[in-house]
Amino acid sequence: MSLKMTSLLCLVFLHLMMGALGNQWNVTYKQRNLCAVKGSTVVMEANYTYPKSVNVTNRFWLINPVRDVEPTDLRNEPGYSGRVEYLGDKQNHFSLRLSDVKKSDENMYCFRFNTTGEGYMGFPGITLNVTGKMKELSHQ
Ligand SMILES: *[C@@H]1O[C@H](CO)[C@@H](O)[C@H](O)[C@H]1NC(C)=O
Ligand SMILES: *[C@@H]1O[C@H](CO)[C@@H](O)[C@H](O)[C@H]1NC(C)=O
Ligand SMILES: *[C@@H]1O[C@H](CO)[C@@H](O)[C@H](O)[C@H]1NC(C)=O
Ligand SMILES: *[C@@H]1O[C@H](CO)[C@@H](O)[C@H](O)[C@H]1NC(C)=O
Ligand SMILES: *[C@@H]1O[C@H](CO)[C@@H](O)[C@H](O)[C@H]1NC(C)=O
């Protein structure tokens, strides 16, 4: 085989590899650690990739995932009712907007999506920390 042919095959192989990687299961978070002031609104951003062979059926966020335990949509989690808003688009971005942040919101937040095949969760997720009011902070 000529050297030219070999390098051409290498290029083709690389190209195929890159394409395959782009179609892998993955979740990327914009930030892994967030800090919010009590009472404020915080936005957590994720994007994701998945194989072309499946379609996404459901997207949601959850807290403190435990292996082998059915994931609970954050909107159905006690204490979060009415404070959770999802913002998604067709470019595989999916954000969580949490309002009126409380101290008890200090949890790990993970994005999960279900498909016609298996599901996938981005772990570890985003760690949220909540501080007192700005006023209290400036008086310390
Ligand atoms: C997921 O995406 C991130 C950032 O785009 C990348 O660094 C990481 O290697 C990817 N993981 C997999 C399993 O493809
Ligand atoms: C996902 O977000 C990361 C970091 O913000 C960015 O580098 C990447 O291009 C995004 N991927 C997609 C598919 O939007
Ligand atoms: C995914 O959606 C496309 C377009 O609606 C459809 O043609 C295809 O059959 C679906 N694939 C699966 C695995 O459901
Ligand atoms: C997503 O898939 C998981 C695992 O199969 C299942 O427990 C969960 O109920 C599904 N969630 C939704 C909203 O479909
Ligand atoms: C920050 O929040 C995480 C949970 O999201 C918690 O485990 C940790 O103790 C918090 N750190 C501080 C300094 O409060």
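Counting starts at 1 for both ligands and their atoms, following the listed order. We count residues from 1, following the sequence as given.
Where the criterion is an N or O separation shorter than 3.5 Å, residue side chain and backbone included, Trp25 fails it with respect to ligand 1. Taking any N or O of Met108, backbone or side chain, none lies under 3.5 Å from an N or O belonging to ligand 5. Backbone and side-chain nitrogen or oxygen atoms of Asn55 are examined, and one is located within less than 3.5 angstrom of a nitrogen or oxygen of ligand 3.
In terms of modelled atom types and a separation under 3.5 Å, the side chain of Thr116 and the main chain of Asn55 share a donor-acceptor contact. Remark: side-chain polar atoms of Asn107 are not paired, donor with acceptor, to backbone N or O of Asn64 under 3.5 angstrom.
Short contacts between ligand 1 and Gln24, defined as distances under 4.0 Å to a heavy atom of the residue, involve ligand atoms 14 (O). Each of the following atoms of ligand 5 lies closer than 4.0 Å to a heavy atom of Asn107: 4 (C), 5 (O). Per-residue contacts place Asn129 under 4.0 angstrom from the following atoms of ligand 5 (heavy atoms of the residue considered): 1 (C), 2 (O), 3 (C), 8 (C), 10 (C), 11 (N), 12 (C), 14 (O). Atoms of ligand 3 lying under 4.0 Å from any heavy atom of Thr116, numbered from 1 in the order shown and given with element: 13 (C), 14 (O). The ligand atoms of ligand 5 that sit less than 4.0 angstrom from a heavy atom of Thr127 are 2 (O), 3 (C), 4 (C), 5 (O). Atoms of ligand 3 lying under 4.0 Å from any heavy atom of Ser53, numbered from 1 in the order shown and given with element: 13 (C).
For Phe111 and Tyr29, the distance between ring centers is not under 6.0 angstrom.
Within a 4.0 Å radius of atom 5 (O) of ligand 5, the protein contributes one or more non-hydrogen atoms. Distance remark: protein heavy atom present below 4.0 angstrom from atom 2 (O) of ligand 3. Within 4.0 Å of atom 11 (N) of ligand 3, at least one protein heavy atom is present.
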As a quick check of understanding, evaluate side chain to side chain contact (heavy atoms under 4.5 Å, CB included) for Phe113 and Val27, giving each step before the final call.
CA-CA 9 Å; Phe113 61 100; Val27 167; 3.9 Å; yes

Show your reasoning for whether side chain to side chain contact (heavy atoms under 4.5 Å, CB included) applies to Leu34 and Met44.
CA-CA 8 Å; Leu34 280 175; Met44 305 188 201; 3.6 Å; yes

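Between Lys103 and Asp105 there is no salt bridge, since none of the side-chain N atoms of the basic residue sits less than 4.0 Å from a carboxylate O of the acidic one.
The cationic atom of Arg83 (NZ for Lys, CZ for Arg) lies less than 6.0 Å from the six-membered ring centre of Tyr80 and within 45° of the ring axis.
Under 3.5 Å, the side chains of Tyr48 and Arg59 contain a donor-acceptor pair of N or O atoms.
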